[in-house]
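Just so it is clear, the values below take in all heavy atoms, side chains as well, and ignore hydrogens, waters and symmetry mates.
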Amino acid sequence: MPNDASSQPSGGVIHDIGYRSYDGPRLGRGYARRSLFVQSLRGCYGLGRSARSKVTPLLLLVLMLAPAAIMVAVTVVAGGDELPLHYSGYALALQPVLGLYLASQAPQAVSLDLRFRTVPLYFSRPIERRDYVLAKYGALTASLLVFTGLPLLVLYLGALLAELDVVAQTTGLLKALAGAVLLSLVLAAVGMTIAALTPRRGFGVAAIIAVLTIPYGAVYTLMGIAHVEGGGAVVPWLALGSPSTLVEGVSFAFLDAESTWVGGREPTTAVALVLLLAALGLIAGCHAVLMRRYRKAGL
């Protein structure tokens with residue numbers, strides 16, 4: 001019989017190209033969650049990204065720190081016996097800068113994953129939707145806390161340099177940090193929710209700015225009308241209309257922040273508790289919306 005190739009039995013051939021199985025430790029879900037948190041936090045300040053991505057967050061951070069540095073210089077040189085602005089009122093006074101930072105970084109943290117449909121890749125690892133949401137939310141909250149906390153530390157160090165009362169300054173700093181935590185939690189929840197619902201980054205930036213500024217301006221307008229019309233008792237309740245004024249009311253009542261509301265009327269303890277519960281409810285509601293949003297995004 002002829003000995004040709006067609007008479008030979010056909011079959012597959014396995015080639016050893018050098019792949020080796022992984023036999024090291026499995027770091028698991030906790031490590032993946034921590035890695036996502038760290039990576040997202042670094043991204044909020046442009047670390048590990050292009051030089052262009054660092055410009056906006058670092059410039060806004062400088063703008064946030066500059067008034068604190070000026071206040072410290074004035075207090076030290078003039079020999080004042082107190083800081084020009086109370087700790088708890090600093091972040092509230094610079095809310096426009098804080099809002100711009102949130103609007104620029106919240107879409108960066110979540111919009112790209114949604115736009116380019118990379119979210120399912122995260123869920124192919126030992127990480128769940130709740131882990132993703134909490135890691136991203138925690139990173140955005142931490143970045144806002146750094147953004148608001150660093151100026152407070154500058155003020156505190158300046159107060160110590162000016163030889164102001166240590167106990168009073170430390171108490172003021174701790175109260176202000178508590179307010180900064182609540183403000184960061186509320187704004188991060190609102191900003192991340194809006195960014196997750198608008199995958200287009202430009203739309204997310206515009207929507208966050210609108211949600212933070214329009215209700216805020218409307219609340220202060222209504223406060224002015226209520227004060228002029230003799231309805232001063234209604235003024236604290238109007239704070240329910242804006243995320244920022246919710247935190248302001250709590251800060252005025254419990255953290256010794258100076259009231260900037262029309263007429264200078266601060267909320268009673270009962271109203272402040274309602275505002276605090278409303279702020280916590282807003283955080284919980286945003287978390288529920290995010291979980292629902294990422295349940296669909298992971299399909």
Checklist entry - Who passes ring-ring contact (aromatic ring centres under 6.0 Å, His included) against Phe37, sequence neighbours left out? => result none
Item to check | Under the side-chain contact (heavy atoms from CB on, under 4.5 Å) test, residues paired with Leu134 that sit two or more places apart | outcome: Arg130, His287
Checklist entry - Any side-chain hydrogen bond (donor to acceptor under 3.5 Å, both in side chains) pairs touching residues 172-187, not counting sequence neighbours? => result Lys175-Asp256
Side-chain polar contacts of residues 90-99 - donor-acceptor pairs under 3.5 angstrom, sequence neighbours left out - could you list them?
unit_1 : atom_1 : unit_2 : atom_2 : d
Tyr90  : OH     : Met64  : O      : 2.5
Tyr90  : OH     : Ala68  : N      : 3.0
Gln95  : OE1    : Ser244 : OG     : 2.7
Gln95  : NE2    : Leu92  : O      : 3.3
Gln95  : NE2    : Glu248 : OE2    : 2.8

Item to check | Qualifying residues under side-chain contact (heavy atoms from CB on, under 4.5 Å), relative to Leu59, sequence neighbours excluded | outcome: none
Checklist entry - Does any pair with a residue in residues 41-89 pass ring pair (Phe, Tyr, Trp, His ring centres under 6.0 Å), and if so which ones, sequence neighbours excluded? => result Tyr45-Tyr101
Checklist entry - Considering all heavy atoms of both residues, which atom of Val274 and which atom of Trp237 are nearest to each other, and what is their separation? => result CG1-CZ3, 3.8 Å
Next on the checklist: Apply side-chain contact (heavy atoms from CB on, under 4.5 Å) to residues Phe254 and Leu275 and explain how you reach the verdict.
Outcome noted: CA-CA 11 Å; Phe254 299 124; Leu275 295 178; over 6 Å; no
Next on the checklist: Please enumerate all residues that pass salt bridge (charged side-chain N to carboxylate O under 4.0 Å, His left out) together with Arg201, with sequence neighbours excluded.
Outcome noted: none
Output side-chain donor-acceptor pairs under 3.5 Å for residues 186-200, partner residues at least two apart or in another chain, one line each.
unit_1 : atom_1 : unit_2 : atom_2 : d
Thr193 : OG1    : Ala189 : O      : 2.7
Thr198 : OG1    : Ile194 : O      : 2.7

Checklist entry - Could you give all pairs that pass the ring pair (Phe, Tyr, Trp, His ring centres under 6.0 Å) test and reach residues 162-217, with sequence neighbours left out? => result Tyr216-Tyr220
Checklist entry - Can you tell me how far CZ of Arg293 sits from SG of Cys286, rounded to the nearest 0.5 angstrom? => result 14.5 Å
Next on the checklist: Working note: Leu58 + Val62, criterion side-chain contact (heavy atoms from CB on, under 4.5 Å); need CA distance, chi angles, decisive distance, verdict.
Outcome noted: CA-CA 6 Å; Leu58 294 183; Val62 170; 5.6 Å; no
Next on the checklist: Run the side-chain contact (heavy atoms from CB on, under 4.5 Å) test against Glu82 and tell me which residues pass, sequence neighbours left out.
Outcome noted: none
Item to check | By side-chain contact (heavy atoms from CB on, under 4.5 Å) - contacts of Val181 (at least two apart) | outcome: Leu145, Leu185
Checklist entry - If you look only at pairs with a residue in residues 134-145, which of them pass as a salt bridge (charged side-chain N to carboxylate O under 4.0 Å, His left out), with sequence neighbours excluded? => result Asp113-Lys136
